[in-house]
Amino acid sequence: MFRLTKKLKKDISVIIPMCNEEENLKDTVNEVKEVLNSLSLNWEIILVDDGSVDNTPSIAREISNGEKSVKLRTHSRNYGRGRAIRTGFNACQGNIIVTIDADLSYDPLYILDVYNCFQSEPDIHVVLPSPYMPGGSTQKIPFFRLLVSRIGNKILSFSMSKKIYTITSIFRGYRKEVIDCLELESDDKEIHLEILTKVLAMGYQTKEIPSVLRNRRKGKSKFKFRTTAYSHLIFTAFERPMILFGLLGIVIIFTGVGLGIHLTMLWLEGTLSGGRPLISFMILIILIGMQILSFGFIGTQIVNLRKELYKIQKNNRLLQKKLEEKF
């Protein structure tokens, strides 16, 4: 479903997805409003409640009822961060869109840096505040969570066509034209990976800027190691199948070759029996390794084809926009 017919009425939209953030919500909204007011722009804040079971919905309603530039969207149950962000994208009317956590793990002042980056560099389409790039840093993040995050971002970087230090962060800025060209499907945190993959495949330009990631001020972290690690590994294999199938195939082939060298040494020593099952096993291992390696090549071609489809999708949506502006 195309969203290009929506008339843009705001300079900047800030989307804040939330689930059980009653302790942080008022402070977050107040700090974001203070930053936006300093820009002297026509702004809006989109609060998206993703099935909270605490007082978050009532606090959000109170805030939105008292401020006409704050909109509230609610989900009847918890679908995941990705669905909440997609709901925010559908509701916003800003030329610049910023997504940010509700727990103040990033200082809302970075919204100024994101906006200024768009203003000074018109060729940039996505701005990524990054704690892991040179110049960025972290503060008081629990050791295990930080370790998993750093390792995860390092692994995920292999699946990207451009070097990006921080891939999993929610805090980003987008030009509206970019979001309008994306057909997003993810319901959970993998949406950050999906967006970047499609943005890069479509040829849009991204830029990372240094930022500081802090531990949440209040409330309980929603970080889940097993779910996060699983989704990241699956995504990496999906985007770079050669990493999984290629490495696995090469290991199996070299195992077969090693076994073949061992059998050759036995043959030279005259102790190898032609009827030993190791000979058949060696041949089988090498064939299996070659087959798995071929899966990697086929998967890579499928990924390249999918990226070409993203480009066609982008061109179709831009063409539709031009036609709508003309007629």
Side-chain angles (χ1 to χ4, degrees), residues 1-18 21 24-50 56-57 59-74 84-104 106-129 169-182 184 195 199 204-207 209 211 317-318 320-322 324-326:
M1 181 178 181
F2 294 108
R3 300 186 295 272
L4 295 173
T5 57
K6 183 184 294 183
K7 184 178 179 180
L8 302 183
K9 301 178 181 179
K10 305 293 182 180
D11 296 307
I12 184 169
S13 301
V14 177
I15 300 171
I16 308 177
M18 54 198 180
E21 291 290 354
N24 292 300
L25 185 54
K26 284 187 177 180
D27 290 340
T28 300
V29 173
N30 287 335
E31 291 193 26
V32 171
K33 285 172 57 179
E34 183 178 351
V35 171
L36 294 175
N37 284 329
S38 71
L39 288 170
S40 299
L41 298 173
N42 191 6
W43 56 264
E44 66 177 355
I45 296 175
I46 312 294
L47 302 177
V48 184
D49 177 57
D50 189 36
T56 298
I59 295 173
R61 280 193 295 271
E62 178 185 346
I63 294 172
S64 62
N65 289 336
E67 174 61 70
K68 65 178 182 179
S69 293
V70 178
K71 302 177 183 178
L72 174 63
R73 298 292 184 270
T74 60
I85 290 176
R86 287 161 53 196
T87 297
F89 285 155
N90 288 328
C92 66
Q93 300 180 15
N95 289 296
I96 301 297
I97 302 171
V98 176
T99 56
I100 189 171
D101 265 315
D103 60 7
L104 293 173
Y106 287 92
D107 193 322
L109 281 172
Y110 286 116
I111 294 174
L112 296 177
D113 295 334
V114 170
Y115 181 78
N116 290 333
C117 184
F118 281 128
Q119 295 303 108
S120 62
E121 301 186 54
D123 293 333
I124 296 299
H125 302 95
V126 180
V127 179
L128 310 167
S169 173
I170 184 178
F171 190 19
R172 295 175 178 174
Y174 308 93
R175 294 192 188 275
K176 186 66 164 59
E177 65 191 74
V178 175
I179 298 303
D180 283 339
C181 285
L182 299 179
L184 300 174
I195 290 174
V199 162
Y204 287 117
Q205 297 301 310
T206 65
K207 181 177 180 178
I209 58 175
S211 66
R317 294 202 169 191
L318 291 177
Q320 182 188 14
K321 184 177 181 180
K322 290 181 179 179
E324 289 172 351
E325 291 174 349
K326 183 175 180 180

Between [Y] and [X], is there a side-chain heavy-atom distance shorter than 4.5 Å?
X      : Y      : answer
Ile85  : Ile170 : yes
Val98  : Tyr115 : no
Pro129 : Val114 : yes
Asp113 : Ser211 : no
Cys92  : Lys176 : yes
Pro57  : Thr74  : no
His125 : Val199 : no

* **Atom CD of Glu121: over 12 foreign heavy atoms under 6.0 Å** => yes
* To do: Under the side-chain contact (heavy atoms from CB on, under 4.5 Å) rule, what do Arg172 and Ile195 come out as? Steps first, then yes or no, please.
  => CA-CA 11 Å; Arg172 295 175 178 174; Ile195 290 174; 3.9 Å; yes
* Residue pair Ile111, Phe171: steps toward the side-chain contact (heavy atoms from CB on, under 4.5 Å) verdict -> CA-CA 9 Å; Ile111 294 174; Phe171 190 19; 4.0 Å; yes
Flag, side chain of [X] to backbone of [Y], donor-acceptor distance under 3.5 Å:
X      : Y      : result
Asn90  : Arg86  : yes
Thr206 : Val126 : no
Asp101 : Asp103 : no

Taking all non-hydrogen atoms of both residues, which atom of [X] and which atom of [Y] are closest, and how far apart?
X      : Y      : answer
Gly88  : Ile15  : C-CD1, 3.4 Å
Gln205 : Asp123 : CB-O, 3.4 Å
Phe118 : Tyr174 : CZ-N, 3.7 Å

* To do: Supply the atom-to-atom distance Glu21 CD to Thr28 OG1, rounded to the nearest 0.5 angstrom.
  =>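 Interatomic distance, Glu21 CD to Thr28 OG1, rounded to 0.5 Å: 7.0 Å.
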* What's the spacing between Ile16 CD1 and Asp49 CG if we round to 0.5 Å? ->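 It is 12.5 Å, given to the nearest 0.5 Å.
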* Asked: Could you go step by step and tell me if Tyr110 and Ile100 meet the side-chain contact (heavy atoms from CB on, under 4.5 Å) rule?
  -> CA-CA 10 Å; Tyr110 286 116; Ile100 189 171; over 6 Å; no
* To do: Apply side-chain contact (heavy atoms from CB on, under 4.5 Å) to the pair Ile96 and Arg175, showing each step before the final yes or no.
  => CA-CA 5 Å; Ile96 301 297; Arg175 294 192 188 275; 4.1 Å; yes
All N/O donor-acceptor pairs, side-chain side in residues 39-48, below 3.5 Å, sequence neighbours left out:
| from | atom 1 | to | atom 2 | distance (Å) |
| --- | --- | --- | --- | --- |
| Asn42 | OD1 | Lys10 | NZ | 3.4 |
| Asn42 | ND2 | Lys9 | O | 2.8 |
| Trp43 | NE1 | Asn37 | OD1 | 3.1 |
| Glu44 | OE1 | Lys71 | NZ | 3.0 |
| Glu44 | OE2 | Ser13 | OG | 2.5 |
| Glu44 | OE2 | Gln93 | N | 2.6 |

